[in-house]
Amino acid sequence: MDSQAIDAIFFIAILIMSVVIHEVSHGFMADFLGDKTARHAGRLTLNPLHHLDLFGSIIVPVLLYYTSGFVVGWAKPVPYNPYNLRNFKWGSIAVASAGIIANIFIACIFGILIHLAPQLGMPPYDPANLYPFYKITIEIVLINLALAIFNLIPIPPLDGSKIFYPLFPVSFYPVIKIIERYHLVFLVIFIFFFSNNLAPLINYLFHLVTGLYI
């Protein structure tokens, strides 16, 4: 197996665990706010087998890795019933935001580890001869930042639709209905033709979190 294939497998393994944590965070937030649907469905677990989606967790990441270099993916959405939440509108927004916050938190934790690397006995960062510690932590930060930003896109089933749609005025509802009806088309178009436009923002946040440039 060549090094590129190994890198791809390693990269997608990090992606899978990151999307699993993302989805489990939705479930725990819903559980905290009064809805036990995810708990009863057995989805409050970090076991990837309970969350993987063949298209979003495997096929799309592999295609993107070998075509654009911008890799995102998703797992099966954790089920929840917004009517069981203590507050329908703001509870739904909180549940949708939980996964994004979890990814940002992971990125910040590993960004701090990169900052502390010299104190932890690691060699200085050298992009020309990347030490394994930096390779792993950089990929974790990048993947989690990409997931957080990607999920803010307001196209169902991404979290951005659940965060922003309730805040839009009623006059915007006809547009929302069209987006919801053809969401898969809009999502595929965005992923394969526009997702690279997120790179400058992700790179900026990466530098903000790690102090490094890529």
Side-chain angles (χ1 to χ4, degrees), residues 10-33 38 43-46 48 51 53 56-57 60-61 64-65 69-78 80 85 89-117 120 125 133-167 187 190-191 194-214:
F10 184 72
F11 196 91
I12 292 171
I14 295 175
L15 175 65
I16 287 173
M17 286 311 302
S18 298
V19 297
V20 166
I21 292 171
H22 178 103
E23 290 300 330
V24 170
S25 298
H26 290 313
F28 273 112
M29 179 59 75
D31 192 74
F32 176 74
L33 294 176
R43 296 293 301 277
L44 299 185
T45 172
L46 292 177
H51 301 281
D53 175 86
S57 306
V60 169
L64 289 175
Y65 184 87
F70 180 85
V71 180
V72 292
W74 58 88
K76 292 187 293 186
V78 168
Y80 84 100
L85 302 176
K89 177 180 178 179
W90 295 107
S92 298
I93 292 174
V95 171
S97 302
I100 294 171
I101 293 171
N103 289 132
I104 292 174
F105 179 76
I106 293 170
C108 290
I109 290 297
F110 281 90
I112 291 171
L113 288 177
I114 290 173
H115 279 288
L116 295 176
L120 297 174
Y125 172 73
F133 170 84
Y134 292 107
K135 184 173 184 178
I136 294 170
T137 52
I138 284 172
E139 288 190 347
I140 291 173
V141 172
L142 278 174
I143 287 172
N144 279 275
L145 288 177
L147 283 173
I149 300 304
F150 176 69
N151 272 283
L152 281 172
I153 302 300
I155 301 174
L158 301 180
D159 300 325
S161 63
K162 302 177 184 68
I163 295 171
F164 298 118
Y165 286 3
L167 304 177
L187 187 59
F190 180 85
I191 288 173
F194 298 101
S195 57
N196 279 332
N197 293 328
L198 300 178
L201 176 58
I202 294 170
N203 289 340
Y204 171 76
L205 293 175
F206 176 81
H207 173 67
L208 196 65
V209 168
T210 66
L212 305 178
Y213 289 99
I214 56 171

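Atom CG of Leu120 sits about 11.5 Å away from atom CD1 of Ile114, to the nearest 0.5 Å. Separating the CG atom in Asn103 from the CG atom in Leu145 is a distance of 8.5 Å, to the nearest 0.5 Å. Here Ile149 contributes atom CD1 and Ser195 contributes atom OG; the two are 13.5 Å apart, rounded to the nearest 0.5 Å. Annotation: the span from Leu147 atom CG to Leu158 atom CG amounts to 10.5 Å, rounded to 0.5 Å. Here Thr137 contributes atom OG1 and Leu116 contributes atom CG; the two are 11.5 Å apart, rounded to the nearest 0.5 Å.
The main-chain N or O of Gly27 is never found under 3.5 Å from a side-chain atom of Asp31 such that the two would form a donor-acceptor pair. Looking at Lys89, its side chain never comes within 3.5 Å of a backbone N or O of Leu167 through a donor-acceptor pair. Side-chain N or O atoms of Ser25 include one that pairs as donor or acceptor with a backbone N or O of Ile21 at under 3.5 Å.
For Ala75, the side chain to side chain contact (heavy atoms under 4.5 Å, CB included) test picks out Val19, Glu23, His51, Ser57, with sequence neighbours left out. With sequence neighbours excluded, the residues forming a ring-ring contact (aromatic ring centres under 6.0 Å, His included) with Tyr134 are Tyr125, listed by chain and number. The side chain to side chain contact (heavy atoms under 4.5 Å, CB included) check on Phe194 picks up Ile189, Phe190, Asn197, with sequence neighbours excluded. In this structure Ile140 satisfies the side chain to side chain contact (heavy atoms under 4.5 Å, CB included) test together with Ile14, Ile106, Phe110, Ile136, Asn144, sequence neighbours excluded. Pro48 pairs by the side chain to side chain contact (heavy atoms under 4.5 Å, CB included) definition with Ile16, Met17, Val20, Leu52, not counting sequence neighbours.
Side-chain atoms of Thr210 and Ile138, non-hydrogen and from C-beta on, never get closer than 4.5 Å to each other. Between Asp159 and His22 the shortest side-chain heavy-atom distance falls below 4.5 Å. The shortest side-chain heavy-atom distance between Glu139 and Phe10 falls under the 4.5 Å cut-off.
Across all their heavy atoms, Leu85 and Ser92 have their closest contact at CD1-N, 3.5 Å. Listed here is the closest heavy atom pair of Pro166 and Ser161: CD-O, 3.9 Å. Considering all non-hydrogen atoms of both residues, Pro157 and Leu187 come closest at CD-CD2, 4.0 Å. Pairing each heavy atom of Pro154 with each of Tyr165, the nearest pair is O-OH, 2.6 Å. Val141 approaches Gly111 most closely through the heavy-atom pair CG2-N, 3.7 Å. Minimum interatomic distance between Val95 and His26 (heavy atoms only, all atoms of both residues): O-ND1, 2.5 Å.
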Which pairs would a plain distance check flag for residues 198-208, meaning a side-chain donor or acceptor within less than 3.5 Å of a matching protein atom at least two apart in sequence or in another chain?
residue: Asn203; atom: ND2; partner: Ala199; partner atom: O; Å: 3.3
residue: His207; atom: ND1; partner: Leu212; partner atom: O; Å: 3.2
residue: His207; atom: NE2; partner: Tyr213; partner atom: OH; Å: 3.2

